[in-house]
Amino acid sequence: MSEKFHRIPSPGALRNVNRIWDYYLEPFRIAPHVYSVGGNNDVAIYLLDSGDGLILIDTGMAEILYLVIDSIHRLGYDPRDIKKILISHGHGDHYNGARFLQEMSGAKIYMSDIDYQFMKDHPIDMPWIETPFEVDEYFDDNTTIDLGRFSIRTMLTPGHTPGTTSFFFDDTDEEDNKTYHVAMHGGVGADMMRKDYLAKLGLSEEYAHRFISDCEKLKSREIDICLPSHLNQINLVANIPEDKTDYHNFVDQTAWPDLLQERIDVIKGFYPEIYG
């Protein structure tokens with residue numbers, strides 16, 4: 001990967017949810033109208049200001065919800081203005097705040113139908129609170145999710161989970177009239193594509209091969225700003241500028257293809273009999 005955005009080991013916030021404040025991270029701007037509001041230096045949550053209400057991509061764990069809400073307020077927004085909540089995949093560190101935020105705002109929750117079922121069939125044994133919620137609409141890759149300035153295209157990208165979904169949209173800066181292509185791959189965690197893990201859940205190894213195939217296609221897309229689902233995936237924290245309202249440091253067309261290629265190489269290593 002590029003020297004600037006190279007992957008680093010996870011800081012491990014999820015391993016000590018009882019002291020989540022030890023991993024606190026202030027909100028920062030990552031695209032013209034997109035902000036990181038996860039409140040921690042591991043799991044990413046993104047707030048999109050559509051100009052006609054707010055969109056949230058992922059919600060984090062229930063244990064960090066107070067930090068998420070605080071981050072939204074610090075940016076000058078009201079979490080009650082959240083209109084749509086998009087869940088990238090069915091792991092609790094990405095969805096366990098959904099019910100609480102929906103109750104606060106009345107937002108609609110979107111998720112893939114495949115992962116909604118996966119989430120219920122395979123709860124992950126991790127030390128966080130499991131909070132059930134209902135999905136209002138399932139992702140349809142042929143239908144954009146529209147609100148204000150944003151028209152978000154979804155793509156089913158299985159592997160990390162059977163229903164992992166990725167997001168693609170444009171964001172224009174009115175100050176210089178530049179438009180940036182923004183993308184978030186919904187889940188690139190490799191361990192979930194190991195043979196033993198897939199076998200444990202009764203899932204086909206084809207998920208790993210589909211992930212590789214999809215990444216091979218996606219890495220050729222022209223993406224200006226890569227939104228990682230975990231901040232360590234492109235070493236985002238080390239590249240936050242002193243001025244947290246300046247997103248330009250994150251404009252880098254190498255981050256997206258480098259991340260996907262690095263994940264391809266790792267997962268191919270799990271199947272040497274196929275990929276050599």
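One is the number of the first residue; the rest follow in order along the sequence. What you see is a predicted model; the values in this text were computed from it and never measured.
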Checklist entry - Taking the six-membered ring for Trp, are His89 and His91 parallel (under 30°), tilted (30 to 60°) or perpendicular (over 60°)? => result perpendicular
Checklist entry - Which word best sums up how the rings of Phe250 and Phe28 line up, parallel for under 30°, tilted for 30 to 60°, or perpendicular for over 60°? => result tilted
[Y] backbone acceptor or donor facing [X] side chain under 3.5 Å:
| X | Y | result |
| --- | --- | --- |
| Asp93 | Met61 | no |
| Asp58 | Ser229 | no |
| Asp224 | Tyr180 | no |
| Asp113 | Tyr138 | no |
| Asn40 | Val43 | yes |
| Asn239 | Asn249 | no |
| Asp115 | Gly90 | yes |
| Arg99 | Gln102 | no |
| Thr144 | Asp146 | no |

Kindly give the heavy-atom pair with the smallest separation between [X] and [Y], and that separation in Å.
| X | Y | answer |
| --- | --- | --- |
| Asp136 | Ala107 | OD2-O, 3.9 Å |
| Glu175 | Asp173 | N-OD1, 2.9 Å |
| Gly269 | Pro272 | O-CD, 3.5 Å |
| Pro158 | Asp214 | CD-OD2, 3.9 Å |
| Ile234 | Cys226 | CD1-O, 3.6 Å |
| Leu259 | Gln233 | CD1-O, 3.6 Å |

Spell out, yes or no, whether [X] and [Y] are grouped together once hydrophobic residues are joined by side-chain heavy atoms under 4.5 Å, including indirect joins.
| X | Y | value |
| --- | --- | --- |
| Val188 | Leu198 | yes |
| Met184 | Ile240 | yes |
| Leu101 | Val135 | yes |
| Leu25 | Tyr247 | yes |
| Tyr197 | Ile114 | no |

Checklist entry - So Ile57 and Phe167, side-chain contact (heavy atoms from CB on, under 4.5 Å) or not? Walk me through it. => result CA-CA 9 Å; Ile57 298 181; Phe167 309 105; 3.8 Å; yes
Answer whether the closest heavy-atom distance between the side chains of [X] and [Y] falls below 4.5 Å.
| X | Y | result |
| --- | --- | --- |
| Val68 | Thr59 | no |
| Tyr24 | Leu67 | yes |
| Lys178 | Pro32 | no |
| Phe211 | Thr157 | no |
| Asn177 | Thr172 | yes |
| Ile72 | Ile69 | no |
| Met119 | Met111 | yes |
| Ser36 | Tyr46 | yes |

Next on the checklist: Under the ring pair (Phe, Tyr, Trp, His ring centres under 6.0 Å) test against His230, which residue among His160, His94, His185 passes?
Outcome noted: His94
Checklist entry - If you measure from the Lys or Arg side-chain nitrogens to the Asp or Glu carboxylate oxygens, is any gap between Asp265 and Lys268 under 4.0 Å? => result no
Checklist entry - Charged N to carboxylate O under 4.0 angstrom, Arg74 versus Asp70? => result yes
Item to check | Working for side-chain contact (heavy atoms from CB on, under 4.5 Å), residues Ile225 and Asp171 | outcome: CA-CA 10 Å; Ile225 300 175; Asp171 192 4; over 6 Å; no
Output the distance between atom [atom1] ([X]) and atom [atom2] ([Y]), rounded to the nearest 0.5 Å.
| X | Y | atom1 | atom2 | value |
| --- | --- | --- | --- | --- |
| Ile152 | Thr143 | CD1 | OG1 | 13.5 Å |
| Asn96 | Thr131 | CG | OG1 | 4.5 Å |
| Leu201 | Tyr207 | CG | OH | 10.5 Å |
| Leu75 | Glu26 | CG | CD | 10.0 Å |
| Met155 | Ser112 | CE | OG | 13.5 Å |
| Cys215 | Arg263 | SG | CZ | 9.5 Å |

If you count every heavy atom of other residues, nucleotides or ligands that lies below 6.0 Å from [X] atom [atom1], does the total exceed 12?
| X | atom1 | value |
| --- | --- | --- |
| Glu273 | CD | yes |
| Glu103 | CD | yes |
| Lys108 | NZ | no |

Output a table of donor-acceptor pairs, distance under 3.5 Å, between side-chain atoms of residues 76-87 and any protein atom two or more places apart or on a different chain; print 'none' if there are none.
unit_1 : atom_1 : unit_2 : atom_2 : d
Tyr77  : OH     : Asp49  : OD2    : 2.8
Asp78  : OD1    : Arg80  : N      : 2.9
Asp78  : OD1    : Arg80  : NE     : 3.2
Asp78  : OD2    : Arg80  : NE     : 3.2
Asp78  : OD2    : Arg80  : NH2    : 2.9
Lys84  : NZ     : Tyr110 : OH     : 2.8

Next on the checklist: Could you go through Asp191 and Arg194, starting from their C-alpha distance and side-chain angles, then the distance that decides it, and tell me whether this counts as side-chain contact (heavy atoms from CB on, under 4.5 Å)?
Outcome noted: CA-CA 5 Å; Asp191 283 348; Arg194 291 182 181 273; 3.0 Å; yes
Next on the checklist: For Tyr95 and Tyr116, I'd like to know if the aromatic rings sit close, meaning centre-to-centre distance below 6.0 Å.
Outcome noted: no
Item to check | Residues forming a side chain to side chain donor-acceptor pair (under 3.5 Å) with Thr245, sequence neighbours excluded | outcome: Asp243
Item to check | Residue of the set Leu48, Ile145, Leu47 for which side-chain contact (heavy atoms from CB on, under 4.5 Å) holds with Ile55 | outcome: Leu48
Item to check | Pairwise ring-ring contact (aromatic ring centres under 6.0 Å, His included) hits with a residue in residues 252-276, at least two apart | outcome: Phe168-Trp256, His209-Tyr271, His209-Tyr275
